[in-house]
Structure formats: structure tokens, C-alpha cells
Amino acid sequence: MAKQLMLGNEAIARGVWEAGLKVVSSYPGTPSTEITEYCSKYPEIYCEWASNEKVAAEVCAGVSVGGARALCCMKHVGLNVAADPLYTASYTGVNGGFVVVVADDPGMHSSQNEQDSRIHARGAQLPLLEPADSQECKDFAKLAFDISEQYDTPVIVRTTTRIAHARSLVELGERQEPALKDYVKDPMKYVMMPGMARQRHKVVESRMDKMAQDACDWPVNRVEMNDKKIGVICSGIAYQYVKDALPEASVLKLGIINPLPRALIERFAAQVEKLYVFEELEPVIEEQVASWGIACEGKRLTGRQGELSARKIAAIMGKELPEVNAVEDIPARPPVMCPGCPHRGPYTVIHKLGLHATGDIGCYTMGALKPLESIDTCLCMGASIGMSHGLDKARGKEFAKKTVAVIGDSTFIHSGITGLVSAVYNRSHITVMILDNSTTGMTGHQPNPATGYDIYGQQTAQVSLEKMCEACGCEHIVTVDAFDMKGLEKALREETQREAVSVIIARRPCALLDKKSKKAPLVSDASKCKNCGACMKLGCPAIEKREKHVFINPALCVGCGLCVQTCKFSAIGKAGDQA
């Protein structure tokens, strides 16, 4: 068979295609986003972006009950949102195979926490597979559907950033076309009222016990016996680190993490003198192994934070790996909003007016950084509105009139609507600012229901943010151009003084999305520039501070004009104007 170099995410998409997948429903979240995007390239698979992960999981549950194979993909914090339907889908079981791919982010490369999705699998009593390279990403994705249908359960496939975004060779296979299973009305299985759920819980316990026994013989688990003085249990990317750091050690590489194949682990442990468990984040494997009375060591040595590495494991074991040639003294590149980003104007005005801002998840979270420093909080998707309302109830309406909840258009659709409904219903005094850049920018410009386009770029129904806010009960709704600094300031001054919930929609497409609107680069006139630094407060990467004046880098400037509005000395403008 042909082989191809693939990202882990790309390999998962290939695997589910080969497995005869029919439907994908996901919400974008780094590092899982590309799986759904790659799936959309296969015409045999129907793909969609759902409004959030909970909806995606519910859609896939419906597909499964309907007899077809379903997949939803998300990042680790997205699994929190999907947990409500998923924990109960564990009880109902499946008809067609139902697989959830969740991508964890040790080291928090693009996330607000380091939670370990393996704990969700244990809590929901769901099987969890963890691949260690792109080939296993493809193979495990296919296997997950077989396990799902054989054991009547949803299955979680867990990756991490290093697996999702690393490339390795993958052997390609052919697509299978499983027959659509019959739809059978079965309230005892699919209607989870207490009486039915009690019976299904027994099925779940029995299912997990059987899988724990059967998994001892599954080829996803592999024993590699070498020097018996050191034995290591590991999985996923940690396996690659162990093989680099300890090639002489005996290794039990686990492919299934929940339920653990106890008999296999006990046999392996009995053959080695000293047993280690190397795993990233929480001691999920170690604690279970230790609870069986097997002496092992792991987290005391590695800690629970951040990523492992071959070098770290080698150091723990008293070894030293050869140094690699690395460029030293590379200057740090902090995250920054792009030149022409439409979020820059609103934050500049928020900072100028001295307002508090409860923030949310998106590119605009960078508004917390210097020089804008406009965000006070960032908790989770949709939390900005609820937290702002909470501040109102804690500190009173006068404080609320100095506070604005900032949220993006995609995040508002994801989980901001319910917060707005609650704030209106409970007579809040908050101001909500929806930063509508017409895309899901943070994860790579995916469409959302407010854009009017689907995953294939085809036009579809478009949610009107204005009408949605009106339907939530808001009587005060203002739409402003995100590049109109005076308009933004006027709107913020007026709307924050309302005695009820008000909404400001700051609208302008993302600068990277709206390429047609890019204008000629602006220039600064050194003779007029007072070097006061006002334009530098925008935090635009295109503006550079020189010894006596500012310089606008023509390679970066998109001509958005914010700096023109900021400069009091007319020192910035179009090239012809400054001649």
C-alpha cells in the first residue's frame, strides 16, 4: 500500500474515512481543528461546524442512533462543554459507531488550562485510546469505530499537541462502506429516565469489566522486553520520549488507557526489577497501578505540569542526551494582534476610558497584554457576560457602568447567548460588546452561524447578531465600525450609563480574512511627528519607535487608519498626503 507523510490530525481524518465515517460535527479548537477540515475534503463524509461542542456531541449521538458512524472533534476544554450529553451517551450506548476525538494541550500552547481528558474518560466510564504517532492516529481512529459497535459504547481517542501537529509516515488503506444499521425504537436503551438509567448503568459496568479483560490481548498494547532492571509503562507521546531517552529499558506501551488492561500490566510488572510510569499531566495510569499493590514511581519525579521530553526523562534517570545544535539568544516573540486587527480600536477606547472589561476566549484575549491592557478576566467560552453580571450583583450598578463584557461573534454563538438571556432576565446593568470580525479567527478562520457560510464555503442561513440580541430582550443595541474610534467612544460612553443591559456590536472583518479591503501602507512625516508615543499605545506591529520619530513598516501596514485617528499632529497619512 502507498505511504504518505501526514500530520496526526490529517491521519485521523484518513482513518475515519477508511472506517466508513458518514458524519462529522465539531466546534473548532486548537489543536484539534484540522481533523474536521481534512474530513471536509472527503466527499463521502458530511461535515459541519456546530455552534458548540455540546451540540456537536448531540448531533453525533443522533447520527449513531440513526445507524451511521459519527465523529466529533474538540480540544480538551471543549470536552467540558460536551460532557453533559457524553456522560449519558455512555449509558445509552450506540447503534452506529460514535467516536469523540479530544486533543489535550500539555504546556498550554493555546489553552487556558492543562486539564487531562483521561480523567473525563474514567468519570464517564468510556474507553479511551491514545495513539503515539500518525500511523497509530489512523489505525486507532478506525479501531475506535469497531470497538464502539462491538461494545455498544462511545469511544474517546485522545491526542496531544505534539501528536496532532507532528508528521510521520502513514500507510494508506481503502475505504470500507459499512451498511446503515436499522433504526430501532428502544426506550429502555435510549430514554434515560431514572428507571431505565439504573439498568443501563449495570450494562456500563459489565461492559468496562469485559473490555479490561479483552484489552490484555489487543495489539494496541505492546510489550518491548529489553533490560529487565528498568520497566516503563507509557503511552502516546511519552512513549516516543522514553524510547529516545531509555532505549535499553523494557517498555509496556499502552494504546488503551481506560479501562487499563490490568492482567497485562501485572504480568509486565512482575518481570522487571524497578517499574516507572511516565505520563504527562495527571497520574492517571500510575495511581491505578499503585492501587493494585504494584510498586511504581512516576509523578514524584516528573511533576504534573507541562510537557515531558526525552531530555527530561533522561535527566531523571541519571543520563545525559547529546546536545543538539540550537540557535541561542532568540528573542521572545510575544503574541500580538495582527496589523489591521479590528479588535485594536475597541480595546484602545476601553483603555482610554478606564473601563473594566471581562474578557473571553478568542484572538481578542490578547487585549490583556501591553500596551492595551484592557481585559481584567478570562475564564472560559462565554464567561465574559456572566462574570460581568456577577460583578454588577457584587458591587452594584455604579461599578457595572464602568464595566464592559467583551466577546467575539463565534464565542457569542457558542455560549454567550444564554449568558445574555440570563443577564436581561435578572435585570442586570451591564454593557456587552460583541467584537464581530466575521470569522472564528483564533483557530484559523472557520465560519460560524453569524457569517452565513458553512464549512464548505457555501452560503447558508445567517444569524443576525442584532436580531438575536433583540430576541434575548435587549432594548439598547448599537452597531459601530470597529475602526471608528470616535463612534466607539460615543457608544461606550452612552451605553455604559444605561439602567439595563445594552449591547454594542463592533463590526469589521478580520484583516487576514478581508484581503480585498487592504489599503496602501501609511507613512509618517518625521517633520510633524512629536514622538509622543500616542500611536504606539495601539500596539500595532507595523509601527516602530525610532529615536526621533515613529516609522511605519510598509511590509506590515494594511492601511487601517487607526494610527491616523490617534495622531493629534497629522503626522500619519497616505503617502501622497505626506509628500
Side-chain angles (χ1 to χ4, degrees), residues 331-357 359 363-376 402-404 406 431 433 435 437 478 480-496 504 506-512 514 517-579:
R333 184 186 184 280
V336 63
M337 289 183 229
C338 302
C341 176
H343 303 328
R344 186 170 280 109
Y347 281 138
T348 300
V349 176
I350 288 172
H351 184 79
K352 175 184 176 181
L353 298 180
L355 299 175
H356 301 287
C363 297
Y364 48 88
T365 312
M366 290 186 286
L369 305 177
K370 290 179 181 292
L372 297 172
E373 297 180 293
S374 299
I375 292 181
D376 297 14
K402 299 177 182 178
T403 305
V404 58
V406 179
T431 298
M433 177 175 275
L435 302 179
N437 65 349
V478 178
V480 187
D481 185 341
F483 285 167
D484 180 1
M485 304 277 273
K486 290 183 179 178
L488 287 167
E489 182 171 344
K490 180 176 182 293
L492 278 166
R493 287 187 183 278
E494 292 178 355
E495 297 308 312
T496 52
I504 302 169
R507 179 170 290 139
R508 180 65 80 100
C510 171
L512 296 178
D514 190 23
S517 69
K518 183 176 179 180
K519 302 175 182 177
L522 300 170
V523 297
S524 62
D525 186 337
S527 65
K528 295 181 180 179
C529 179
K530 306 299 182 183
N531 211 19
C532 66
C535 59
M536 297 299 298
K537 294 179 181 179
L538 292 169
C540 178
I543 306 176
E544 302 173 9
K545 189 173 180 64
R546 299 290 174 89
E547 185 177 349
K548 296 182 179 180
H549 59 85
V550 298
F551 171 75
I552 298 179
N553 188 332
L556 297 177
C557 179
V558 298
C560 72
L562 286 182
C563 54
V564 176
Q565 298 178 61
T566 304
C567 182
K568 297 180 180 179
F569 306 102
S570 302
I572 302 174
K574 298 178 182 179
D577 298 337
Q578 299 300 308

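This is a predicted model, so every value here is computed, not measured.
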Indicate yes or no for a side-chain donor-acceptor contact from [X] to the backbone of [Y] under 3.5 Å, with no hydrogens or angles considered.
| X | Y | result |
| --- | --- | --- |
| Thr403 | His356 | no |
| Ser374 | Leu372 | yes |
| Arg344 | Met337 | yes |

How far apart are the C-alpha atoms of Met433 and Leu355, what are their side-chain angles, what is the distance that settles it, and do they pass the side chain to side chain contact (heavy atoms under 4.5 Å, CB included) test?
-> CA-CA 12 Å; Met433 177 175 275; Leu355 299 175; over 6 Å; no
Which atoms form the tightest heavy-atom contact between [X] and [Y], and what is the distance?
| X | Y | answer |
| --- | --- | --- |
| Lys537 | Pro371 | O-CG, 3.5 Å |
| Ala491 | Val480 | CB-CG2, 3.9 Å |
| Leu556 | Ala542 | CB-CB, 3.8 Å |
| Ile543 | Cys535 | CD1-O, 3.8 Å |
| Gly559 | Lys519 | O-CD, 3.6 Å |
| Asn437 | Pro342 | CB-CG, 4.0 Å |

Got a second to check how far [X]'s [atom1] is from [Y]'s [atom2], nearest 0.5 Å?
| X | Y | atom1 | atom2 | result |
| --- | --- | --- | --- | --- |
| Gln565 | Thr348 | CD | OG1 | 10.0 Å |
| His343 | Thr365 | NE2 | OG1 | 8.5 Å |
| Ile504 | Glu494 | CD1 | CD | 9.0 Å |
| Ser570 | Asp525 | OG | CG | 10.0 Å |
| Ile552 | Cys563 | CD1 | SG | 4.5 Å |
| Leu562 | Cys567 | CG | SG | 13.0 Å |

Applying side chain to side chain contact (heavy atoms under 4.5 Å, CB included) between Arg493 and each of Glu495, Glu489, Lys490, report the one that passes.
->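 The single option meeting the side chain to side chain contact (heavy atoms under 4.5 Å, CB included) with Arg493 is Glu489.
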Do Asn531 and His549 get their side chains close enough for a donor-acceptor pair, meaning under 3.5 Å?
->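 Per modelled atom types, Asn531 and His549 side chains form no pair under 3.5 Å.
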When you compare the side chain of [Y] with that of [X], does any pair of heavy atoms fall below 4.5 Å?
| X | Y | result |
| --- | --- | --- |
| Met485 | Leu538 | yes |
| Glu544 | Val550 | no |
| Pro541 | Pro339 | yes |
| Ile350 | Val406 | yes |

Under the side chain to side chain donor-acceptor pair (under 3.5 Å) test, residues paired with Lys530 that sit two or more places apart =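 If we apply the side chain to side chain donor-acceptor pair (under 3.5 Å) test to Lys530, skipping adjacent residues, there are no hits.
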Counting heavy atoms not belonging to Lys545, are there more than 12 under 6.0 Å from its NZ?
->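 More than 12 within 6.0 Å, yes.
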Walk me through it: do Met366 and Ile375 pass the test side chain to side chain contact (heavy atoms under 4.5 Å, CB included)?
-> CA-CA 8 Å; Met366 290 186 286; Ile375 292 181; over 6 Å; no
I would like to know whether Tyr347 and Leu488 meet side chain to side chain contact (heavy atoms under 4.5 Å, CB included); could you show each step before the answer?
-> CA-CA 10 Å; Tyr347 281 138; Leu488 287 167; over 6 Å; no
Phe569/Cys532 under side chain to side chain contact (heavy atoms under 4.5 Å, CB included): CA gap, chis, key distance, verdict | CA-CA 10 Å; Phe569 306 102; Cys532 66; 4.1 Å; yes
